[in-house]
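I have placed the structure first, in the form of structure tokens, so that the comments after it can refer back to it.
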Amino acid sequence: MPVITDNIASLGYATPELVLAGFFLFILLADLVFTRNRGQMACTLAILGLAMTLLVTLRLYPAGERLLFAKMMAIDPFALFFKIFFVGSTAVIVLLSPATAYIPRTRQGEYYAFLLAITLGMSLLASAADLVMIVLALEMVSVTSYLLAGFMKEQAASAEAALKYAIYGAVATGTMVYGMSLLYGITGTTNLYEMPQAIARGGAAPLALFVAVLLVLVGFGYKIAAVPFHMWAPDVYEGAPTPVTALLSVGPKAAGFAVLIRFFYAALAVPAGPGRWNPVADIDWPLLVAVISAVTMTVGNLIAINQSNLKRLLAYSAIAHAGYILMGFVLLNGQGLYAMLFYLIVYAFMNLGAFLVVIALAGPLRSEELKDYAGLASRTAFPAVAMAVFLFSLTGIPPLAGFVGKFYLFAALIEAGRAWLWLAVVGVLNSVISLYYYARIVKAMFLEKGPSGRLTVASAHQVLIAALLIPTVLLGIYWAPVARFTDYSLRLLGPLAR
Amino acid sequence: MIGLHHYLVVSAVLFALGMFAIITRKNGVAILMGIELVLNAANLNFVAFSRYVWGGLTGQVFAIFVIMLAAAEAAVMLAIVIAVYDRFQSIDVDRVDSLKG
Amino acid sequence: MQIPAEAIVFYALTAITVLSGLVVVTSRKLVHSAFALVFAFSGLAGYYVLLSADFLAAAQVLIYVGGILILILFAVMLTHRIESLDIRSETLQLLPAIAGCGAIVVLMLLAVYRTPWAVKEPQVLTQTAQSIGSLFMTDYLLPFEVASVHLLIALVGAVIIAGKRGGQ
Amino acid sequence: MPMQNVLTWMIFAPVAGAAVVLLLPRGRDELVRWISLLATAVPLALAFWVYANFDRTSPGLQFVEHYAWIPAFNIEYFLGLDGVSAPMFLLTTLIAFLALVASWGIKEGVKGYFCLYLLLEAGMLGVFAALDFFLFFIFWEVSLLPMYFLIGIWGGPEREYAAIKFFLYTLFGSVLILLAMLALYFANEPHTFDMTKLIAANKQYGIAFQLLVFIALYIGFAIKVPVFPFHTWLPDAHVEAPTPISVILAGILLKMGPYGMLRVSWPMLPEALKVYAYPLAIFALINIVYGALVAMAQRDFKTLVAYSSISHMGFVLLGMCAIGPQGLSQAGVNGAILQMFNHGTVTAMLFLLVGVLYDRAHHRVIEDFGGLGVQMPVYAGVATVAFFAALGLPGLSSFISEALVLIGAFPAYRTLTIIAAVGIIITAGYWLWTLQRVFLGPLNPKYATLPEINGRELVTLVPLGALVLFLGVYPMPVLDLIRASADQLIALVGPLP
Amino acid sequence: MDLATYVLIALFAPLAGATVQIFLGRRLPRHGDWLCVGVLFVSFVASIPTFNAVWANPAFKLQILSEWLTLGSFGIPLGLQVDGLTGIMLTVVSFIAAFIHLYSVGYMHGDPRYSRYFAYLNFFTFSMLGLVLADNFFLIYVFWELVGLSSYLLIGFWFERPAAANAGKKAFIVNRVGDVGFFVGILLLWTQLGTFRFEEVFKGIAAGQMAGPLLTVTGLCVFLGAVGKSAQFPLHVWLPDAMEGPTPVSALIHAATMVAAGVYMVGRVYPVFTPDAFVVIAYVAGITAFFAGTIALTQFDIKRVIAYSTLSQLGYMMLGLATGGYVAGLFHLVTHAFFKALMFLAAGSVIHALHTQDLREMGGLRAKMPVTFWTMMAGSLALAGVPPFSGFFSKDAIIGATLGFVMAHPQHLLLALFAVGGALLTGLYAFRLMFLAFTGAPRDREKHHHAHESPPVMTVPLVVLAVFAVGAGWGGWFERLVRPPVELPHGPAGAHTLALALSLLAAGLGILLAYWTYVVGKISAGRVADRYRPVYTLLFNKYYVDELYAAGVVRPFLALTRGCAAFDLGVIDGFVNWCGRFTRGVSRVQGWIDFRIVDGAVNLVGNAIRAWGAVLRLVQTGVVQNYILVLLGGVLVILLLKVL
């Protein structure tokens with residue numbers, strides 16, 4: 001049967017997922033077999049796994065654009081971009097974990113296994129070309145996230161975070177699945193790439209389609225924590241073990257964007273020339289998303305101003321950043337997508353960096369509260385300086401990477417003409433507001449007087465911070481290679497749709 | 001003649017009931033029941049569409065996957081509920097609200 | 001004009017499903033809710049039979065009634081002392097919920113009725129079990145495998161999270 | 001030509017210095033100071049070379065460096081000087097050097113201070129040399145961050161508030177500039193940030209577009225100037241900033257606003273300028289008169305100087321928007337640029353003087369001094385020169401620029417110019433009153449032991465004083481630089497319709 | 001050496017002296033006084049060839065032209081010119097200045113800032129010479145201001161005394177008011193005629209490029225400068241206060257030269273003024289001449305009496321210029337320079353001897369200080385306009401011009417009354433001073449006992465100046481050198497004879513009254529004062545002009561500045577701040593928002609934004625069902641928007 005040969009042939013393109021799944025199982029098994037130094041071993045294995053995944057992912061270049069496994073999965077530069085992205089961000093989390101005290105020693109094996117599992121889920125999500133795959137991958141990411149959030153279940157906050165996350169996530173997924181059922185009813189297919197024609201064929205069913213799209217959007221919106229589907233995020237971010245929070249604020253969010261882009265651009269848009277799309281069937285989802293974007297960044301920023309817990313503050317900041325990124329989404333053109341991807345890269349560096357500093361200081365400082373950061377610069381200079389750089393980058397101040405990211409977003413909006421000028425203005429004003437709370441942290445660290453006594457930060461963390469700091473600064477000054485890579489990664493699986 | 005609309009109405013009602021349970025019930029387990037109702041509503045849709053509109057087995061297969069997911073989700077969620085019960089001596093969700101603001 | 005048997009069965013199933021659904025949602029006793037859920041799920045299985053999805057109906061009964069529900073009951077037991085089986089499930093934000101859910105039903109029905117569904121004469125399906133089985137091995141191979149990994153993750157995770165506090 | 005990349009060397013010498021300072025081990029404060037001095041001396045030395053080699057007859061760009069930077073977005077590393085930027089660029093090297101000498105007294109966090117200081121200098125130099133709009137914006141913002149820390153860490157008691165206020169205000173301005181910049185970028189085909197190309201294309205922008213972009217740019221630049229009513233950050237920032245930083249802030253940073261207008265708004269959006277010229281002139285006038293009025297009521301010496309800056313910057317603005325049927329006024333534009341330069345030197349002196357006094361008396365309440373002319377005659381003498389320069393006395397530099405501005409503005413806006421001239425009386429009033437309250441009258445016995453100004457302080461003040469005096473007598477050395485480019489700018493803008 | 005070099009030497013020698021003195025003065029032997037006096041004599045000597053040149057050829061004209069700055073078509077010229085008027089001014093200024101420098105050596109002996117004093121004085125001379133030599137409006141304005149600066153520095157020379165510090169400030173600011181007018185006038189001329197140079201401006205006006213009301217207004221603007229500098233009503237208030245400066249300064253600056261600069265300037269730019277403008281000027285001048293004289297009657301400070309006399313005489317000069325007596329006005333400027341400088345120096349000599357300036361503490365000094373007495377007597381006679389002293393000739397000419405003008409324009413009769421009445425007052429106050437100071441019995445025996453004649457370094461200048469005060473009016477030399485730049489109408493024939501009679505009568509009457517009152521005692525000053533108490537009080541308080549300024553200008557202005565500052569702090573800075581507070585207030589009423597105002601600092605937009613953030617925070621209750629409700633609500637809102 002041709003399907004079987006297709007499946008077998010497809011295996012060669014699913015090597016990253018295979019490696020991840022293999023190492024996931026391997027770590028679980030090894031954890032059962034070995035009794036000593038299990039954490040260390042699991043960590044090593046995880047790094048090994050991620051490295052191998054990266055390797056096999058890179059071997060897939062130059063990737064064409066094709067559908068695998070009976071059109072279940074798409075492999076294209078766009079997907080590979082995200083796979084690398086996920087591997088990278090997970091690697092950071094894996095690397096920083098051993099030097100922290102977040103994860104109980106007895107459960108470290110599973111912890112690293114789950115980190116691989118969530119990476120697997122995200123990779124699948126970025127490649128998903130069928131509603132079934134979207135649901136499954138999304139659930140894999142979600143369920144793993146719940147588990148990771150509750151990994152410090154001995155602490156009430158962690159358990160609470162897991163519960164809220166699970167409930168909220170389940171509702172969002174359920175809603176999404178319901179929306180998908182309607183979508184299936186309208187189009188008769190679950191494959192994204194068959195939908196545009198099906199919608200066109202099916203004639204006008206605008207309201208039902210709108211309901212379906214909206215309900216699906218709930219699921220994606222929850223993943224990227226866009227208002228009004230964001231409310232789980234602050235509580236979960238605050239309660240979850242901080243390394244997990246760091247991952248959640250970057251990985252699954254990016255995965256959410258990946259699937260959002262693929263879903264909308266493949267299923268609900270038709271190409272209208274090179275690098276341009278039109279929405280199908282008169283559903284004005286760009287406007288819908290634009291409003292969501294504006295509200296998201298505004299709400300995120302406004303609430304962030306009043307936060308006193310750093311993790312929570314960063315959670316709201318992450319919400320706001322989802323809003324910024326969404327600005328690129330509404331444009332339906334290559335520039336917008338390009339800006340989104342670029343921003344995601346930059347965002348990963350600076351956001352992970354900021355969380356990393358919080359993690360690195362949580363040990364010596366025994367706190368994640370803003371007030372305990374007072375006078376930090378005089379107690380341990382490097383992390384404080386690095387934190388300032390990350391925060392200013394998040395604000396979008398040149399010559400830091402965050403500025404370039406924002407620059408691309410605003411550039412895309414302005415280029416699109418007067419229609420989206422209002423969104424650009426909202427975005428710009430939000431940047432100014434955001435400075436206010438980012439600067440509060442900087443102010444506490446540099447301008448305020450705090451307790452004396454030097455703090456020592458684990459050298460592993462220092463190295464990692466530096467590793468994130470360098471690109472954050474460098475990308476603000478010279479980003480042409482990254483720009484080229486991003487540009488290349490824009491090759492979303494398109495020919496089938498065209 | 002029973003047609004598509006009948007099933008869609010039932011499904012919508014089930015969806016709303018599920019949502020209602022999720023929003024109103026304090027007990028974590030009861031909320032889980034609501035979630036199951038929502039998922040089943042979706043499944044009913046899939047199967048009905050599969051039967052009346054598009055033919056084929058796509059809808060049914062989808063529904064099977066959803067059932068699998070529901071099972072996995074239920075397992076994880078119940079485990080979390082138990083963990084929460086360990087910490088809070090309660091599974092009333094509105095009492096699990098130390099994280100807020 | 002005879003009343004088709006199908007209609008009778010449908011309305012009966014609807015009565016069972018919706019009513020037990022209502023009980024699930026409103027009952028103050030958790031255990032009552034749980035048992036009402038059994039009836040609701042069974043009603044759905046009935047629908048599936050009506051929709052000639054026999055494999056699905058079986059899966060529904062097996063997984064839901066046999067699996068998930070037992071799980072739920074276990075959870076109920078584990079999280080409450082045996083002597084207080086009269087577990088009350090309080091409610092909150094009743095009015096907004098009624099308004100919201102009512103509105104969503106209305107809106108969805110509006111969407112459903114406004115849409116000209118491309119209804120076709122239902123084809124007779126036989127032997128769905130076999131067809132579905134082969135689909136899992138061909139077209140749906142990847143989802144199938146992913147789902148199995150997913151179940152494994154959930155299983156391991158559930159054990160870790162629900163297990164007694166780790167170690168020492 | 002030798003020294004092809006002289007501008008790059010000048011901009012990045014401080015950066016290199018900052019890097020070296022950063023790598024020095026803790027506790028080598030004296031070394032840090034000397035390295036920083038060296039790092040600012042290099043641009044200063046090169047500035048003399050640039051000054052000597054500047055072609056005064058050419059209105060075009062000189063010392064141009066042009067490299068691709070981010071080709072995908074057509075962003076270039078494009079530096080160059082012309083008559084509009086050269087005076088400010090050269091002044092920056094001087095003020096930065098002198099303010100560094102004035103920073104010798106910084107005792108806490110020496111490493112961080114000088115590191116940030118050097119970055120600040122690089123940013124400022126970059127702003128005046130950049131000809132790629134994107135590069136310009138980067139440098140613009142680069143000058144912002146160090147300022148925040150320099151005020152926030154080494155400032156006075158209210159430093160945190162002042163720093164964040166400064167930061168928020170200016171960031172608000174710069175995001176507007178960012179939007180305007182992007183609008184201009186996309187208004188051209190092919191898209192470009194090259195300022196010379198953006199200027200060359202100024203005829204093709206629609207009037208509605210020009211009006212909108214102009215406002216965004218104007219607010220952005222106006223905050224930096226600062227123009228009433230965006231000025232309230234200035235007194236706070238000045239009062240809280242340490243003396244050398246006030247010097248930099250008033251001497252250089254404020255000039256970035258009008259410079260931006262002359263470099264960007266005026267030549268790129270001439271039609272909008274013609275529409276807005278009169279309102280702009282009114283804002284300039286408000287700056288002049290209002291700034292002077294508020295200055296007069298101040299009790300704090302430094303706040304007074306800060307408000308006086310607002311007033312004096314009003315002249316810059318007035319000269320810039322003096323446009324009549326013949327186009328922009330020659331005297332007005334030249335005067336405005338010269339006033340930027342002169343205000344830089346004069347106000348730097350004033351802040352240094354305030355600093356000298358504050359270091360000794362530890363307060364700045366004007367009324368509490370008195371009779372210091374007896375105790376510190378040299379200091380009083382230097383201060384008198386600075387004060388009279390500030391009030392526009394002939395023979396000192398500000399007079400010429402202010403006179404040029406008034407001469408230039410008069411044909412265009414008679415009433416406004418007359419009111420502005422009346423503002424000069426107020427200026428004289430508060431300066432003389434301050435002079436009297438601080439230096440004249442009987443010596444307050446509390447200060448009978450106040451030491452005279454010392455050598456290091458004189459080193460910072462004397463060059464500026466000499467410059468003020470020299471340019472007051474003979475302004476051509478600076479006007480020579482400006483003249484040709486100013487004519488070109490006037491031609492670019494063209495006459496009123 | 002050619003003439004231009006001499007002119008430049010004359011101009012720059014004092015500047016060189018000032019520059020050296022300011023930096024090195026304290027280290028030079030004798031603190032550098034010899035240098036400063038020396039350069040002044042150099043300057044004077046260098047000015048003699050110029051005088052010779054114009055004397056030889058009254059139409060002589062020398063121009064030294066250069067460009068100060070050029071900006072393409074726009075430029076500011078840098079030019080000096082010498083003609084008859086400048087020739088005289090150059091010589092007279094450097095001459096008087098030289099002797100006053102010399103006098104200062106004695107007068108300022110032992111002052112702690114002795115060297116600084118000479119530096120300032122040198123600098124003043126430079127500025128004044130520059131003002132005289134300037135050939136364009138811009139340059140004259142520059143020197144105009146520099147003169148003001150030197151005046152400021154010298155008035156406030158003893159700055160430890162608050163009165164002196166205040167007086168300096170007042171002088172500068174009042175002058176600035178006039179200067180702004182001057183500057184606006186220059187701007188108007190430039191805008192209309194496109195040039196700053198006198199010659200070209202005159203040519204343009206002659207060609208009718210500028211005329212009518214605009215020119216009148218321009219002329220008045222320019223005149224405003226002269227009002228300030230020459231202390232005409234109502235900007236005269238600074239001059240009496242300026243007497244806080246050292247007396248030689250008063251002699252040089254506030255009698256002989258600087259205050260005359262306004263008169264000189266009006267004469268220099270004479271064609272700029274229209275007849276209408278001259279009428280206004282004439283009234284201003286007349287009022288100044290008359291009212292200053294009345295005030296001088298009641299003052300007891302010897303320097304103030306002379307100061308008010310100066311005001312009055314400046315009024316005369318201006319009156320002469322305005323009523324067609326071009327030569328007369330400028331002639332009076334020169335004669336006045338001699339005799340008034342003389343009077344101040346003599347007064348200085350008295351003050352130096354007695355250490356008081358109060359006339360009520362003097363008396364009977366004639367015997368003790370003969371040189372001072374006789375020289376001052378010469379000055380007073382010249383001031384009162386007694387023939388054949390110099391003042392007679394010039395003042396007589398002015399009154400003649402005024403009467404001629406009044407005869408031609410009878411509606412301006414008041415001007416004649418001012419002129420003649422002023423002459424009477426002049427005689428009266430001049431000799432009131434003389435009699436009070438030098439005759440009768442000493443009123444303060446203690447001080448009288450210590451009094452002594454001044455040293456030669458002071459008396460020699462007195463004698464030299466006295467010679468000129470007596471003889472400067474003879475020979476018609478002035479008319480030879482100075483000619484009106486425009487055709488002036490000739491007054492009616494009888495005017496001059498009438499003027500001669502009236503002025504002699506007025507002066508004589510004035511002196512006689514003084515004699516009766518202060519020597520003979522026929523009239524009791526005290527009784528007259530009692531009889532006309534309100535008038536006396538009014539005069540004694542100088543018409544309350546200072547008080548009017550304080551109440552009507554200064555205080556409201558300061559209130560305005562404070563208001564602006566409060567506005568700045570409260571309204572502009574507080575605006576958004578207020579928004580925040582408002583929101584906060586509202587929320588307090590609602591009672592469910594707990595605002596924490598971090599740092600208590602006013603945080604701009606911050607407060608408002610924070611407030612909104614705090615409201616939004618409330619939604620984040622921590623109860624997950626609330627979150628889901630929000631989710632559902634969001635979906636519903638979007639759906640409803642879609643459906644509706």
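Values below: every heavy atom of this structure, side chains too, minus hydrogens, waters and symmetry copies. Convention: sequence-line order gives letters A, B, ...; per-chain numbering from 1.
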| query | When rounded to the nearest 0.5 angstrom, what is the spacing between CZ in D:F186 and CG in A:L413? | reply | 9.5 Å
| query | Any side-chain heavy atom of A:T395 within less than 4.5 Å of one from D:L171? | reply | yes
| query | Are any non-hydrogen side-chain atoms of D:W69 and A:W479 less than 4.5 angstrom apart? | reply | yes
| note | Ranking A:S378, A:A411, A:A377, A:A480 by heavy-atom pairs under 4.5 Å to chain D gives rank one to A:A411
| query | Would you call A:L429 and D:F172 a side-chain contact if the rule is heavy atoms closer than 4.5 Å? | reply | yes
| query | With a 4.5 angstrom heavy-atom cut-off, which part of D:Y185 approaches chain A: side chain, backbone, both or neither? | reply | neither
| Closest-packed option against chain D by number of heavy-atom pairs under 4.5 Å, given A:D487, A:V432, A:L421, A:V442 | A:V432
| Interchain contact, D:F139 with chain A, by part (heavy-atom threshold 4.5 Å) | neither
| task | Can you tell which part of D:I138 gets under 4.5 Å to a heavy atom of chain A, answering side chain, backbone, both or neither? | result | both
| query | Between A:Y478, A:F407, A:F410, which has the largest tally of heavy atom pairs under 4.5 Å with chain D? | reply | A:F407
| query | What part of D:L145 lies closer than 4.5 angstrom to a heavy atom of chain A: side chain, backbone, both or neither? | reply | side chain
| field | Atom pair CE (A:M445) and CD1 (D:I153), whose distance is rounded to the nearest 0.5 Å | value | 10.0 Å
